[in-house]
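The block underneath contains the structure these notes are about, expressed in C-alpha cells.
One-based numbering, in listed order, for ligands and for the atoms of each. What you see below is based on every heavy atom in this structure, not just the backbone, and it leaves out hydrogens, waters and symmetry mates.
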Amino acid sequence: MKRKKIVAGNWKMNMTLDDSIELSNALININKSNVDVMIAPSFTNLYPLKKHFDTHQIDVIAQNVNQNSKGAFTGEVSVEMLKSIGVNCVIIGHSERRSLFGETDQILFEKVNYATSNDMNVIFCFGEELQQRQNGNYFDIIQQQLEIGVLSLPSELIKKVTLAYEPVWAIGTGVTANPDQIQEIHQFIRNLIHQRFDETISNSIRILYGGSVKSTNAVEIFNLADVDGGLIGGASLKFADFQSIVEAADV
Ligand code: 13P
C-alpha cells in the first residue's frame, strides 16, 4: 500500500520569533507536491507561524501538550488551547520529554488518549537507549513503550496517531541507525499494529524514523519498505538541509 510520506521538523527549543519567520519565508518555496510537510516550533511561535503558513501547505504542530483540559497546571498548555489557534497535531513521547522531564509511559498514554479523544492528531515517539540496544533487549523495550502508550487505544483513535521510531542513541549524535536496523524495527512495529488492530490499520498507519536524518542519508532511509518519512531535529533548522530531506520524501 502506498502511504503519503511525512517530513516533520522538530525545532525543539531553538529559534526566536524573528529566526522562525526568516526560515519560514524560505520554507514556503519548497516544492512538496506529494509529501506532508510539518514543522514543530516552540509554543510562543505556534500562532504567528500558523498564520504565516495558512495557505502554503506546511502544517504547524506542537512539541508537547498536557493531559488535562484545564486548571492549576502552571506552565502547561492544553489541547483546547492548541486547537483554538488552529493547531491540530502534537508530538508526544519524545525521548527528551521522557528523559529530561520525567514523562512515563503511563503519562504519555494519558496525553495520547486525551489528545486523540479530543480530535487532535498525534506523532507518538519511542525508541531504545544505547545500553538497551547493546543488551539486545530493544524489541521488548519498544513493544512496552507501544503497548502502554498507544496499543490500548480503540481503533477509531489509533487512526489519529502517526508513530515515530527514534533510537535515543541516534538523536543529535550524527550516528544514524543503518537501513537494516531501521527496517527491522519498522516491520516489527507494523506487525504489532496488525496483531492488535487489523490489516487495514497496519497498512495505513505511518511510521516515521528520527535520529540524525540528513540530506545525505534521507533517500536511502525513506526508500525502506516500512518507513513513511522522518522526524528531523538538527537538519530541520537549516533551510538547504531540510529542503533536500523534503525532496527525498516527495516521490
Ligand atoms: P536529530 O535529527 O537532531 O538527530 O534529532 C532527531 C529528533 O529528536 C527529532 O525529534
Side-chain angles (χ1 to χ4, degrees), residues 5-15 19-20 23 27 30 35-43 45-46 49 58-65 87 89-103 108 111-112 115 121-130 132-133 138 141-142 145-146 149-150 161-179 181-182 185-186 189 206-222 224 227-249:
K5 288 197 166 41
I6 295 175
V7 173
N10 176 7
W11 288 3
K12 308 191 180 184
M13 199 175 76
N14 293 294
M15 303 278 204
D19 296 339
S20 304
L23 179 55
L27 293 180
I30 293 184
V35 53
D36 290 330
V37 179
M38 306 175 181
I39 52 156
S42 61
F43 283 132
N45 294 341
L46 282 173
L49 293 196
I58 291 185
D59 210 10
V60 177
I61 71 173
Q63 296 177 18
N64 183 28
V65 74
V87 170
C89 181
V90 58
I91 297 170
I92 292 178
H94 193 279
S95 71
E96 288 144 22
R97 298 298 318 169
R98 293 173 187 263
S99 66
L100 302 174
F101 301 97
E103 296 191 1
L108 297 172
K111 290 188 176 204
V112 174
N121 297 306
V122 166
I123 296 181
F124 181 74
C125 306
F126 53 93
E128 80 283 1
E129 292 172 6
L130 182 59
Q132 295 161 335
R133 166 70 50 176
Y138 50 96
I141 299 292
I142 289 166
Q145 290 173 334
L146 288 171
V150 294
V161 176
T162 293
L163 299 172
Y165 169 54
E166 298 206 304
V168 179
W169 47 272
I171 296 177
T173 58
V175 180
T176 318
N178 72 43
Q181 291 171 320
I182 298 173
I185 297 295
H186 281 234
I189 297 161
R206 292 185 284 184
I207 310 175
L208 313 182
Y209 168 79
S212 299
V213 177
K214 305 170 233 184
S215 52
T216 47
N217 59 24
V219 171
E220 186 177 35
I221 294 171
F222 295 163
L224 296 168
V227 174
D228 306 308
L231 187 53
I232 321 300
S236 71
L237 300 172
K238 298 183 210 118
F239 171 70
D241 291 356
F242 193 63
Q243 180 180 36
S244 337
I245 294 170
V246 170
E247 283 169 2

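In this structure, atom 3 (O) of ligand 1 lies nearest to the protein heavy atom Gly234 N, 2.8 Å. Of all protein heavy atoms, the one lying nearest to atom 9 (C) of ligand 1 is Glu166 OE2, 2.9 Å.
Under a 4.0 Å heavy-atom criterion, Gly172 is in contact with ligand 1. Judged by the shortest distance from any of its heavy atoms, Lys12 lies inside the 4.0 Å radius around the atoms of ligand 1. Put simply, part of Ser212 is less than 4.0 Å from ligand 1, judged by heavy atoms. Under the 4.0 angstrom criterion for non-hydrogen atoms, Cys125 is not in contact with ligand 1.
Listed by atom number, the atoms of ligand 1 under 4.0 Å from Ala170 heavy atoms are 4 (O). Against a heavy-atom cut-off of under 4.0 Å, His94 is close to the following atoms of ligand 1: 7 (C), 8 (O), 9 (C), 10 (O).
Summarising the geometry, atom CG belonging to Leu208 is positioned 8.5 Å from atom CD1 belonging to Ile232; distances are rounded to the nearest 0.5 Å. Here CZ of Phe126 is found 13.0 Å from CD1 of Ile141. Values are rounded to the nearest 0.5 Å.
Taking all atoms of both residues into account, the shortest heavy-atom contact from Ser236 to Leu23 is O-CD2, 3.7 Å. When all heavy atoms of Phe242 and Leu27 are compared, the closest pair comes out as CD2-CD2, 3.7 Å. Summarising the geometry of Ser244 relative to Ala240, their closest heavy-atom pair is OG-O, 2.8 Å, with the distance given to 0.1 Å.
Residues Glu128 and Ile142 meet the side-chain proximity criterion, which asks for heavy atoms closer than 4.5 Å.
Below 3.5 Å of separation, one finds no N or O of Glu96 facing any N or O of ligand 1. Between Thr173 and ligand 1, no pair of N/O atoms sits closer than 3.5 Å. Taking only nitrogen or oxygen atoms, main chain and side chain alike, Gly233 reaches within less than 3.5 Å of ligand 1.
Ring geometry, His186 versus Tyr165: the interplanar angle exceeds 60°, so the pair is classed perpendicular (tilted spans 30 to 60°).
At a 4.0 Å heavy-atom cut-off, ligand 1 touches Leu231 through backbone and side chain alike.
For Lys12, the salt bridge (Lys or Arg N to Asp or Glu O under 4.0 Å) partners two or more places apart in sequence, or in a different chain, are Glu96.
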